Amino acid sequence: MAIERTFSILKPDATRRNLTGAVNALIEAAGLRIVAQKRVLLSRAQAETFYAVHKARPFFGELVESMIAGPIVVQVLEGEDAIKKYREVLGATDPSKAAEGTVRKQFALSVGENSAHGSDSPENAAIEIAQFFSGNEIVG
Ligand code: RTP
Ligand code: MG
């Protein structure tokens, strides 16, 4: 199993409810290390670029609005099989389908306000990390 890095966002619904520490506790309990972290406010353009893959979907407008509704915390997580492992920590996109103990089961408000994002492939993890962090901001 390879040591990987994945990109994480604690979404506005999570920062609004002061859940950064609670989500970080689940991340660390899963054996993932937070090797970079900062709190930022996305511009509309940044949110549209980040979720460009969903541009044609009916929920795109709502998704962009929800991502710019307040501050987010962007993170780089490192560990064995980090990409798949973090998506397991997050649980299903729809919180009503998420397993017990997952971030989305515990904290998500809805499919749209589902508290956190995790990269879905090594290629996307590299692209997403580069959108928010320079190399010297990541300390493994
Ligand atoms: P994410 O990219 O945020 O980690 O979520 P994901 O891979 O589990 O799900 P994805 O299919 O990539 O969808 C991206 C985000 O769009 C919102 N969404 N809303 N209203 C809807 O039907 C709907 N479907 C997706 C969610 O916030 C999802 O996380
Ligand atoms: Mg996704």
Side-chain angles (χ1 to χ4, degrees):
M1 214 58 65
I3 298 291
E4 290 177 334
R5 284 177 175 175
T6 191
F7 179 71
S8 161
I9 297 180
L10 310 186
K11 298 184 179 184
D13 75 89
T15 63
R16 187 173 76 231
R17 292 176 290 151
N18 258 359
L19 293 173
T20 301
V23 177
N24 281 354
L26 293 177
I27 289 170
E28 293 185 332
L32 295 168
R33 190 177 300 280
I34 302 163
V35 294
Q37 173 170 269
K38 61 187 170 188
R39 178 174 163 100
V40 298
L41 193 55
L42 282 187
S43 67
R44 182 175 299 276
Q46 277 178 306
E48 287 174 352
T49 300
F50 185 77
Y51 277 123
V53 64
H54 296 306
K55 203 159 45 189
R57 309 283 284 277
F59 58 82
F60 182 69
E62 196 182 308
L63 175 59
V64 169
E65 292 301 331
S66 75
M67 292 301 289
I68 64 176
I72 61 171
V73 173
V74 292
Q75 305 174 312
V76 181
L77 311 181
E78 185 178 85
E80 262 186 25
D81 210 12
I83 294 163
K84 180 163 163 272
K85 188 180 279 180
Y86 187 45
R87 287 180 67 89
E88 287 168 5
V89 169
L90 292 182
T93 309
D94 179 347
S96 71
K97 298 183 180 135
E100 285 302 329
T102 60
V103 168
R104 285 164 171 169
K105 176 70 177 187
Q106 286 188 58
F107 302 123
L109 300 174
S110 63
V111 181
E113 290 194 305
N114 62 1
S115 304
H117 158 82
S119 306
D120 59 14
S121 68
E123 297 71 28
N124 285 336
I127 292 166
E128 293 171 3
I129 289 169
Q131 275 180 272
F132 290 93
F133 292 99
S134 57
N136 64 4
E137 290 180 304
I138 305 168
V139 184

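Whatever order the structure lists them in is the order used to number ligands and atoms, beginning at 1. In this text, all values refer to a predicted model and were calculated from it rather than measured experimentally.
Heavy-atom proximity to Tyr51, at under 4.0 Å, picks out these atoms of ligand 1: 1 (P), 2 (O), 3 (O), 14 (C). Interface of Gly118 with ligand 1, defined as ligand atoms under 4.0 Å from a residue heavy atom, comprises 4 (O). Near Asn114, meaning under 4.0 Å from any of its heavy atoms, are these atoms of ligand 1: 26 (C), 27 (O), 28 (C), 29 (O). Per-residue contacts place Thr93 under 4.0 angstrom from the following atoms of ligand 1 (heavy atoms of the residue considered): 6 (P), 8 (O), 9 (O), 28 (C), 29 (O). Close approach of ligand 1 to His54 is summarised as follows: ligand atoms under 4.0 Å from at least one heavy atom of the residue are 10 (P), 11 (O), 12 (O), 13 (O), 14 (C).
Taking each of Val111, Val64, Val53 in turn, the one with a heavy atom nearest to atom 26 (C) of ligand 1 proves to be Val111.
Contact analysis leaves Glu113 out of contact with ligand 1, as no non-hydrogen atom separation drops below 4.0 angstrom. Taking 4.0 Å as the cut-off, Arg104 counts as a neighbour of ligand 1 on heavy-atom distance. Within the 4.0 Å heavy-atom shell around ligand 1 one does not find Arg57. Proximity of Leu63 to ligand 1 is established by a heavy-atom distance of less than 4.0 Å.
For the atom pair Asp120 CG and Arg87 CZ, the distance stands at 5.0 Å (nearest 0.5 Å). Taking OG of Ser121 as the start and CD1 of Ile83 as the end, the distance is 6.5 Å to the nearest 0.5 Å. Atom OG of Ser110 is separated from atom CD of Glu62 by 7.5 Å, given to the nearest 0.5 angstrom.
A salt bridge does not link Arg16 to Asp13: none of the charged nitrogens lies less than 4.0 Å from a carboxylate oxygen. The residues Arg33 and Glu78 are annotated as not salt-bridged, no charged nitrogen and carboxylate oxygen being separated by less than 4.0 angstrom. Contact check on Glu65 versus Arg44 returns a salt bridge, with a Lys/Arg side-chain nitrogen under 4.0 Å from an Asp/Glu carboxylate oxygen. Between Glu4 and Lys85, no side-chain nitrogen of the basic residue sits less than 4.0 Å from a carboxylate oxygen of the acidic one, so the salt-bridge criterion is not met.
Checking only distances, Gly112 does come within under 3.5 Å of ligand 1, N or O to N or O. Checked against a 3.5 angstrom limit, the closest N/O atoms of Ala116 and ligand 1 fall outside it. Between Leu90 and ligand 1, no N or O atom pair is found at a separation short of 3.5 Å.
Residues Glu128 and Ser119 bring a donor and an acceptor atom of their side chains to less than 3.5 Å of each other.
Residues Tyr51 and His117 are in side-chain contact: their nearest non-hydrogen atoms beyond the backbone lie under 4.5 Å apart.
Ranking protein heavy atoms by distance to atom 1 (P) of ligand 1, first place goes to His117 ND1, 3.1 Å. Nearest non-hydrogen protein atom to atom 20 (N) of ligand 1 is Phe59 CB, 3.6 Å.
Judged by distance alone, with hydrogens and angles left aside, the side-chain atoms of Thr15 form a donor-acceptor pair with the main-chain N or O of Pro71 at under 3.5 Å.
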